[in-house]
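Throughout, numbering of the chain's residues begins at 1 and tracks the sequence. Whatever order the structure lists them in is the order used to number ligands and atoms, beginning at 1. Predicted model only: the values in this text are computed from it and were never measured.
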Amino acid sequence: MPVPSSFNDVTQNKTIRDYVGWAWYETQFFIPTSWNADKQRIVLYFGSAHYHACVFLNGIWVVNHTGGHLPFQADVTNNVKFSVKNWLTVALNNTLTHHTIPQGKVIYKDNPEEYPEGFYVQSVNFDFFNYAGIHRSVILYTTPTVYIDDIIVVTKINGTTGIINYTVAVNSAQPSYISPSCYVEVFDMDDDLVAQEKKCQNVINVRNAKFWWPIGIHPQPGYLYTLKVTLLGGNIKDVYYQTVGIRTVEVTDRTFLINGKPFYFMGFGKHEDSNIRGRGVDLPLIVKDFNLIKWIGANSFRTSHYPYAEEIMDQADKQGIVVIDESPAVGLDAFDSVLLTKHLQVMTEMIQRDKNHPSVVMWSVANEPKSSEPEAKNYFKRVVDHTKKLDSSRPVTAALSGPYETDLAGKFMDVIMQNHYFGWYSDPGYTQVIYKQTISVFTKSYEKYKKPIMISEYGADTVVGLHMDPAFIFTEDYQTEYLMEHHKAFDFLRDKGFFIGELIWNFADFMTIQKINRVVGNKKGIFTRERQPKAAAKVLRCRYLHLANQSTLD
Ligand code: E9O
């Protein structure tokens with residue numbers, strides 16, 4: 001099996017495509033003997049592996065991880081062999097249950113007259129294919145034995161001064177060591193040194209700073225400084241380069257502010273999904289997607305419905321694309337303490353990984369939970385409290401889809417996101433209902449929550465090449481008309497001042513499980529799965545570029 005990739009679509013074997021259970025990966029590698037001579041700490045790092053992973057090195061267990069979308073690693077200094085082959089073995093299990101995030105259910109069909117012996121299926125609480133495999137790169141890296149374990153950066157702005165609040169965490173593979181000191185330098189994008197400090201925790205002021213701005217409102221979006229952290233003391237030597245975007249995020253009762261300026265989200269819900277590699281990291285695809293985002297004039301996306309690869313987050317930072325970082329908690333339908341513990345854990349891991357990305361302006365804790373269930377109230381209070389405890393610098397949100405009247409989760413959020421499908425899942429074919437229903441639901445929701453509100457999904461399945469006029473569902477003409485009706489309503493709502501964004505469902509067509517309302521996947525893409533534009537892309541491009549022109553800073 002290639003790594004990184006999903007295993008499902010690489011072979012001609014249906015059993016592998018639809019596989020549920022343990023899958024085994026194995027590979028061999030050599031390590032340079034110089035790593036031994038230098039007494040390096042050797043770490044084995046997985047960008048992600050879906051879903052439960054057990055890792056063995058040379059036959060010895062080294063680490064387990066649960067959850068398919070976040071990294072994990074093991075110190076393998078004492079497990080590796082030099083001069084001879086190393087064997088790396090990974091057992092992966094993609095089974096989803098009531099107590100995994102996201103949830104699923106294994107259904108056994110034990111009627112031998114109707115089903116082959118041992119037949120079972122994996123049902124899932126979500127609308128995308130449960131791709132599995134080692135989805136992101138696996139890396140061996142070294143550090144000195146006393147090393148920089150973590151860096152936390154929070155930025156503020158005071159007039160033209162950028163304020164970088166940083167904390168360096170130092171760790172050691174040896175039980176006792178002399179605590180080193182830190183030397184911290186800040187370089188701008190021309191590699192000029194603009195500030196320096198001597199402590200492992202401090203505040204650095206960057207005068208006349210260039211701030212991190214989203215694309216579309218500033219001529220130089222995505223400005224990044226580099227924090228060079230050096231450990232000093234005895235023969236200790238470790239260096240880490242951490243990029244920093246100086247920006248602030250704030251929420252009032254009706255606006256979303258980046259660097260004190262109102263920000264209007266225009267973009268997409270996306271997926272990590274493509275032909276053959278499934279959810280596996282694919283660098284050309286990442287670059288293509290960012291080029292399409294820029295071509296269409298969008299400024300943001302939501303990592304629906306799980307944290308995306310670090311390569312994607314780095315691109316978002318560099319290109320000034322704003323990200324709503326979503327946890328894998330999609331479609332939760334029960335809220336017990338076992339699930340809660342796992343949900344808190346995944347929030348911890350996600351914030352641990354993504355806290356320093358300036359592009360990440362908001363944490364989305366869930367998508368479409370059954371938030372009218374009585375247990376949802378305490379559950380989401382706990383999830384939001386936990387998230388804010390880990391990161392008080394970003395607002396928290398969730399994509400809600402149930403009736404706002406009975407929703408119990410929204411009151412804990414700083415921003416309300418809602419998914420609505422007027423003229424699609426309700427009143428299909430009748431685009432004339434969209435304007436009124438959209439205005440009505442958002443106006444009333446705002447009255448209930450009194451918080452900034454945005455649409456996090458709206459969309460219509462569209463089979464590329466199908467045309468009909470007057471528009472008919474599934475045609476490109478219907479998707480175009482559907483969008484235009486929504487845009488009229490969004491403009492009305494924008495004028496009211498509390499409506500802060502529009503994210504269309506979806507960026508591109510994507511694969512789902514086989515079911516009778518999905519014709520080889522979900523076709524709500526503005527682009528096809530091959531990343532070619534449907535007719536509606538032109539409408540969207542026209543709108544986004546026009547709106548971006550209106551919000552350009554002087
Ligand atoms: C989640 C997303 O992953 N939201 C779904 C998307 C879809 O296309 C899916 O791909 O189905 C839409 C949920 C719609 C909820 C509203 C139902 C209203 C019934 C009348």
Side-chain angles (χ1 to χ4, degrees), residues 68-69 96 101-104 123-131 267-274 278-279 301-308 324-333 364-373 397-407 409-410 416-431 433-434 436-438 440-442 445 454-464 473-474 478-479 482-483 486 502-529 534 536:
H69 315 89
L96 299 179
I101 290 188
Q103 292 172 304
S123 78
V124 292
N125 286 17
F126 49 81
D127 182 38
F128 50 89
F129 195 89
N130 188 32
Y131 279 116
F268 303 95
K270 282 185 98 272
H271 263 300
E272 289 182 307
D273 171 276
S274 79
R279 223 174 289 308
F301 64 86
R302 169 170 69 119
T303 69
S304 43
H305 296 304
Y306 39 80
Y308 293 174
I324 299 169
D325 203 355
E326 185 159 284
S327 89
V330 46
L332 300 190
D333 67 0
S364 168
V365 295
N367 179 77
E368 297 176 357
K370 286 223 167 103
S371 63
S372 300
E373 300 285 311
T397 188
L400 306 172
S401 68
Y404 67 87
E405 295 95 330
T406 50
D407 160 63
I416 305 293
M417 297 198 294
Q418 286 182 351
N419 301 345
H420 289 292
Y421 285 84
F422 306 122
W424 185 257
Y425 284 120
S426 55
D427 302 311
Y430 299 101
T431 50
V433 307
I434 291 170
K436 280 193 164 191
Q437 293 185 8
T438 305
S440 162
V441 78
F442 279 103
S445 296
M454 65 194 280
I455 191 159
S456 38
E457 283 186 22
Y458 68 108
D461 283 86
T462 305
V463 179
V464 71
I473 58 167
F474 291 106
Y478 192 82
Q479 189 182 38
Y482 173 96
L483 291 196
H486 278 88
E502 47 187 272
L503 301 183
I504 194 164
W505 191 254
N506 187 285
F507 176 75
D509 293 347
F510 60 90
M511 194 49 75
T512 63
I513 60 164
Q514 304 185 60
K515 51 183 172 178
I516 51 152
N517 60 348
R518 292 286 176 260
V519 187
V520 194
N522 185 310
K523 299 284 188 232
K524 293 193 184 71
I526 289 300
F527 299 99
T528 63
R529 202 179 190 209
K534 298 182 190 171

Heavy-atom gap [X] to ligand 1 smaller than 4.0 Å:
{"X": "F510", "result": "yes"}
{"X": "R518", "result": "yes"}
{"X": "W505", "result": "yes"}

Walk me through it: do T462 and Y478 pass the test side-chain contact (heavy atoms from CB on, under 4.5 Å)? CA-CA 8 Å; T462 305; Y478 192 82; over 6 Å; no
Atoms of ligand 1 close to [X] [distance to a heavy atom under 4.0 angstrom, numbered from 1]:
{"X": "H305", "result": "1 (C), 2 (C), 3 (O)"}
{"X": "E457", "result": "1 (C), 2 (C), 4 (N), 5 (C), 6 (C), 12 (C)"}
{"X": "N522", "result": "7 (C), 8 (O), 10 (O)"}

For the atom pair NE2 (H420) and CD (Q437), what is the distance rounded to the nearest 0.5 Å?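 Going from the NE2 atom of H420 to the CD atom of Q437 covers 10.5 Å.
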I need the K524 NZ to D509 CG distance, nearest 0.5 Å.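 That separation rounds to 10.0 Å.
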Among all the protein's non-hydrogen atoms, which is closest to atom 20 (C) of ligand 1, and how far away is it?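 Closest protein heavy atom to atom 20 (C) of ligand 1: Y425 O, 3.9 Å.
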Consider every N or O of [X] and every N or O of ligand 1, then say whether any pair is closer than 3.5 Å.
{"X": "E368", "value": "yes"}
{"X": "S401", "value": "no"}
{"X": "K524", "value": "yes"}

Donor-acceptor side-chain pairing of N419 and N367 below 3.5 angstrom: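 A pair is found: one side chain offers a donor N or O, the other an acceptor, under 3.5 Å apart.
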So, H305 versus F126, ring centres under 6.0 angstrom or not?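 Centroid separation for H305 and F126: 6.0 Å or greater.
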Would you say Q479 and W424 make side-chain contact, with heavy atoms under 4.5 Å?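 A side-chain contact is absent here, since even the closest heavy-atom pair is not under 4.5 Å.
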